[in-house]
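One-based numbering, in listed order, for ligands and for the atoms of each.
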Amino acid sequence: MTASFSKDFRQGVDINLGVGYVNDETIPHEKLADCFQYVLAHTEQYKNSLNYGSADGSENLRTAIRNYYVKHAIGCLGAERLAKKSICIGANGATSLLDSFAAIMPKGIVITAEPNYYIYIETLERNGFTVLTVPEDTEGMRVDLLEDLLQQIDVNQLSFLYIVTVNNPSSIIMSNARRRAIVELVTKVGRKVGKRVPMIFDKAYEDIIFDTTIEPVQSGMLYDEDGLVVEIGTLSKIIAPALRIGYAISDDTDVMRALVQKTGDIGFSAPLINQEMSARFLDAYISNHALDVREGYRRKADFLKKSIEEHLGQYLERYSGGQAGFYFYLTFKEIETHSESKFFQFLSRTTGDITIDGDPKNPRLVYVPGNICVSQTSKAKEVGNRQLRISYGFEDIPVLERAILLMKDAAEYAMK
Ligand SMILES: Cc1ncc(COP(=O)(O)O)c(C=O)c1O
């Protein structure tokens with residue numbers, strides 16, 4: 001639906017709750033223009049910013065990321081520990097680092113949470129990996145079920161774990177206890193068979209945890225005795241996706257060296273000018289800007305939460321989201337949400353009933369159906385068929401209000 005919908009999307013009429021776009025208003029256009037000018041004017045610090053870059057990234061940016069982490073106590077890592085870590089800047093956002101990971105790791109089993117970040121899971125499957133999933137609860141991937149799974153499989157076939165710390169699609173924030181338990185368990189299980197099993201912690205949405213009651217997030221690297229954790233971050237959500245700045249942080253291991261090599265092979269790390277502008281932005285502006293961005297998403301989340309509870313509450317078994325990122329993940333009691341369902345057809349105006357579809361088409365609404373975020377076991381499929389992800393990144397509050405009312409109409413139609 002997303003592809004066909006985006007072709008003939010009508011601005012101001014149709015509603016896009018499907019895309020993972022950030023809100024344009026959170027993008028600091030003017031400050032980025034200042035950063036651009038600043039970088040070009042200060043060649044003593046930002047040498048050759050319009051020339052080729054390097055495979056591992058600009059020294060200015062890697063230093064700026066380290067300083068950003070230390071100043072804001074990100075991951076509770078501290079200056080000393082961070083100084084010992086390698087940082088690799090990806091060619092094209094976190095996405096390219098994840099793709100490179102798929103290229104450098106031996107084909108085998110990848111374990112991730114359910115529901116899963118379907119975009120990367122599809123990449124992994126296309127690359128010949130077998131993806132196994134472990135359901136999450138309110139603290140993230142369940143470690144008891146992970147332990148069971150690790151007993152059932154041949155750990156030698158395990159390629160890596162992929163953990164999204166504020167999960168996409170569910171927006172569930174992994175607790176510190178859970179991070180620790182996973183790192184310790186996988187380290188122990190790997191040691192038993194003499195195998196190093198990397199754990200990727202994708203922290204794409206950690207910069208936009210806006211619920212201030214959440215305990216400060218601890219990096220999985222704090223418990224990583226064997227150098228197995230690779231954290232993947234991005235400036236997409238907190239500054240601007242178009243900069244295409246993603247980064248990996250880890251010990252200086254073979255895996256990190258292979259990641260740098262792969263980044264070189266595909267045309268170096270991100271355009272140097274974008275890296276230098278990002279370095280300047282982190283040095284000069286990030287503190288206040290990050291507060292503004294979080295506040296913007298918090299307002300939208302609070303509004304949407306109320307609206308969901310008021311208008312859709314009676315149809316829902318549960319929902320998650322509203323503390324971080326910009327997704328809500330809904331699980332209906334009975335209503336199905338997949339592309340053949342009445343609910344979906346109502347919102348895509350493909351019911352065949354002109355009083356509903358309209359001529360021309362009535363406002364349409366796009367979301368991500370849950371069935372593409374779950375594995376193909378019959379139990380997971382049954383639940384996935386009643387789930388959906390809505391994004392409040394892109395659309396503004398008045399549109400979100402219309403969206404929930406439309407979903408309420410769709411729910412009434414589906415229940416008829
Ligand atoms: C979980 C997750 N990881 C990575 C990314 C990609 O980030 P980037 O824009 O840096 O490629 C996204 C983007 O939506 C995401 O949701």
Considering the heavy atoms of T234, write down every atom of ligand 1 situated less than 4.0 Å from one of them.
->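 Atoms satisfying the 4.0 Å criterion: 8 (P), 10 (O).
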Heavy-atom contacts with G93 under 4.0 Å: which atoms of ligand 1 show up? List them by number with element.
-> 10 (O), 11 (O)
Given F326, F303, F210, the one that forms ring pair (Phe, Tyr, Trp, His ring centres under 6.0 Å) with Y297 = F326
Please state which protein non-hydrogen atom is closest to [atom] and give its distance, to 0.1 Å?
atom	value
atom 12 (C) of ligand 1	Y117 OH, 3.3 Å
atom 16 (O) of ligand 1	Y205 OH, 2.7 Å
atom 1 (C) of ligand 1	D202 OD2, 3.4 Å
atom 7 (O) of ligand 1	A94 CB, 3.7 Å
atom 13 (C) of ligand 1	K237 NZ, 3.0 Å

Under 3.5 Å, N or O to N or O, is N168 touching ligand 1 that way?
-> yes
Under 30°, 30 to 60°, or over 60°: which ring-plane class applies to F160 and Y120, parallel, tilted or perpendicular?
->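 Rings of F160 and Y120: tilted, as their planes differ by 30° to 60°.
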Please work out whether the ring planes of H42 and Y38 are parallel, tilted or perpendicular, with thresholds of 30° and 60°.
->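 The arrangement is parallel - the two ring planes meet at less than 30°.
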Do Y21 and P241 have side chains that get closer than 4.5 Å, going by heavy atoms?
-> no
Can you check whether F346 reaches D409 side chain to side chain, under 4.5 Å on heavy atoms?
->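 SC-SC contact between F346 and D409 confirmed.
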Could you name the option among I232, T95, V22, V164 that has the heavy atom nearest to atom 11 (O) of ligand 1?
-> T95
Out of curiosity, I238 CD1 to D292 CG, how far, rounded to the nearest 0.5 Å?
->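 CG of D292 is found 9.5 Å from CD1 of I238.
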Side chain, backbone, both or neither: which part of Y120 has a heavy atom under 4.0 Å from ligand 1?
-> neither
Could you see which bit of S236 sits under 4.0 Å from ligand 1, with heavy atoms only: side chain, backbone, both or neither?
-> side chain
Verify, without hydrogens or angle tests, whether D226 (side chain) and T187 (backbone) share a donor-acceptor contact under 3.5 angstrom.
-> no
Determine whether any heavy atom of A204 lies closer than 4.0 Å to an atom of ligand 1.
-> yes
Per the salt bridge (charged side-chain N to carboxylate O under 4.0 Å, His left out) rule, which among K237, R294, R179 passes with E206?
-> R179
